[in-house]
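Structure, as structure tokens:
Predicted model, so just to flag it, every value in this text is computed and none were measured. No hydrogens, no waters, no symmetry mates; every other heavy atom, side chains included, goes into these values.
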Amino acid sequence: MSQPPATKGPERPQKLAWGSCHLFALLRLLARNRFAVDRSRWYLVPRMVAESCLSTLFGIWQQFRLGDELRRAAIAEPPLFVLGHWRSGTTFLHDLLALDPRHTYPNTYECFMPLHFLLTEEYMTRRFPIAGHRQMDDVPSGWDKPQEDEFALAFLGQPSPYLSLAFPNNPPVDEDYLDLEGLPAVRRDAWKRTLYQFLARVARKRPGRLVLKSPPHTGRIRVLRELFPRAKFVHVVRNPYSVIPSTLRTMKVLFHGMGMQEPKYANLEERAFAMYRRMFIRLEEGRQLLAPGQFHELRYEALAHDPVGEVKAIYERLDLGDFEPARPRLEAYVASLGTYKTNRQDLPPALAAAIAQNCAPVLTRYGYGPEAE
């Protein structure tokens, strides 16, 4: 895989992302954590509340202006879900699949401003452009880049494991929403309804087959299949000896960048391994529910070595249509990337031993070992 040397650029302050929440969702987030905002970050709260009020008002305005159209919005084609644990190459694969002009996807603005993007996106992205690279891996960022719909769900008021980012020193929250198993039917239905409505609005703005990527979806195949019976799923897997150190680094970056507390990183490894084990257990259960033409799996190492060839195989295995119309844009994109090396992660002996123990089923299934990529 290749990519141009990255230069850090300006980004929208991540802590203020919570100001994109519906006002009641933000107040509920603060209340459930007993307003345990660190003194050094109290200055953020008035700004987030003000942003949240404005975002909620824009949402009411959008509903007033487009209410009838929004109620009729529907998803015409079954979506394609990119599955995989964090730091497994899902962003790269999502970006590649999004290049097909027949595809559509929720972008960063839509996922961070889900209440009102139909009315505000064109103006706001011109007025307040963002550029630069993600802090955890130097991947280019921008309002128009494909983004995780999990952020939209959280900002719309749905429970999400991502809400733990706001208060990293408190116990994890909404862990049952990592796979949606065990939830009362009313909560599961509310989650499905919110996701469908958001995606239908994205498809209304830019029609096409939706290509979606959020790592928590890896454990949600059963529920996603209930919502979209003909959906397709592609899972990218990567060596846990690379994934886990990179995930721990990403968690630290996000806890610092989106947290309302100065993170202490307590029990970080335990939290990461608990999510990893749960995600892969649900993945194994979910893939058994799918027809052969609904699920395809590939390795990150193969994707990095031959991006165009691996994407072509996805089209063939999942019957996504003729690959040739997409080929020119993929080849041009890959050719433009330049030379890129993935971040090297420290692997202390204790962490290597913990990976061997906690990720044993994945190591055995895919034949991974502690060798470097």
Using a strict cut-off of less than 4.0 Å between a Lys/Arg side-chain nitrogen and an Asp/Glu carboxylate oxygen, indicate whether [X] and [Y] qualify as a salt bridge.
X: R220; Y: E226; value: no
X: R72; Y: E69; value: no
X: D176; Y: R278; value: yes
X: E110; Y: R206; value: yes
X: E148; Y: K213; value: yes

Can you name the nearest heavy-atom pair linking [X] to [Y], along with the distance?
X: A203; Y: L210; result: CB-CD1, 4.4 Å
X: G59; Y: H116; result: N-CB, 3.9 Å
X: A152; Y: P114; result: O-CG, 3.8 Å
X: G89; Y: V236; result: C-CG1, 4.2 Å
X: D149; Y: P106; result: CB-CG, 4.4 Å

Validation row: [X], [Y] side chains within 4.5 angstrom (heavy atoms):
X: K205; Y: L118; value: yes
X: V243; Y: N239; value: no
X: L298; Y: V237; value: no
X: P216; Y: W86; value: yes
X: R187; Y: Y177; value: yes
X: R277; Y: C359; value: no
X: M260; Y: D38; value: no
X: F58; Y: L119; value: no

- Output, in order, the C-alpha distance, side-chain angles, deciding distance and verdict of ring pair (Phe, Tyr, Trp, His ring centres under 6.0 Å) for Y368 and Y241. CA-CA 8 Å; Y368 283 124; Y241 286 99; 8.9 Å; no

Whether [X] side chain and [Y] backbone form a donor-acceptor pair below 3.5 Å:
X: S52; Y: L26; result: no
X: S164; Y: V173; result: yes
X: S55; Y: C21; result: no
X: W191; Y: P159; result: no

- Query: What orientation do F280 and H85 show, parallel under 30°, tilted 30 to 60°, or perpendicular over 60°?
  - Reply: parallel

- Task: Begin with the C-alpha distance, continue with both residues' side-chain angles, and end with the deciding distance and a verdict on salt bridge (charged side-chain N to carboxylate O under 4.0 Å, His left out) for R41 and E262.
- Result: CA-CA 8 Å; R41 304 197 176 186; E262 292 292 342; 3.1 Å; yes

Side chains of [X] and [Y]: donor-acceptor distance under 3.5 Å anywhere?
X: Y315; Y: D322; answer: no
X: R238; Y: S88; answer: no
X: E297; Y: Y366; answer: yes
X: D174; Y: Q158; answer: no
X: Q147; Y: T108; answer: yes
X: Y109; Y: T120; answer: yes
X: N107; Y: D144; answer: no

- Query: Who are the side-chain hydrogen bond (donor to acceptor under 3.5 Å, both in side chains) partners of R230, not counting sequence neighbours?
  - Reply: none

Taking [Y] as the starting point, is it possible to reach [X] by hopping between hydrophobic residues whose side chains are less than 4.5 Å apart?
X: M113; Y: F24; value: no
X: Y105; Y: L195; value: no
X: F35; Y: L29; value: yes
X: Y333; Y: L303; value: yes
X: F64; Y: F117; value: no

- Message: If I take atom CZ from residue R204 and atom CG from residue L66, how far apart are they, to the nearest 0.5 angstrom?
- Response: 5.5 Å

- With a 6.0 Å cut-off on ring centres, are F233 and F295 close enough? no

- Task: Assess whether salt bridge (charged side-chain N to carboxylate O under 4.0 Å, His left out) is satisfied between E51 and R47, documenting all intermediate values.
- Result: CA-CA 6 Å; E51 280 198 346; R47 297 170 65 181; over 6 Å; no

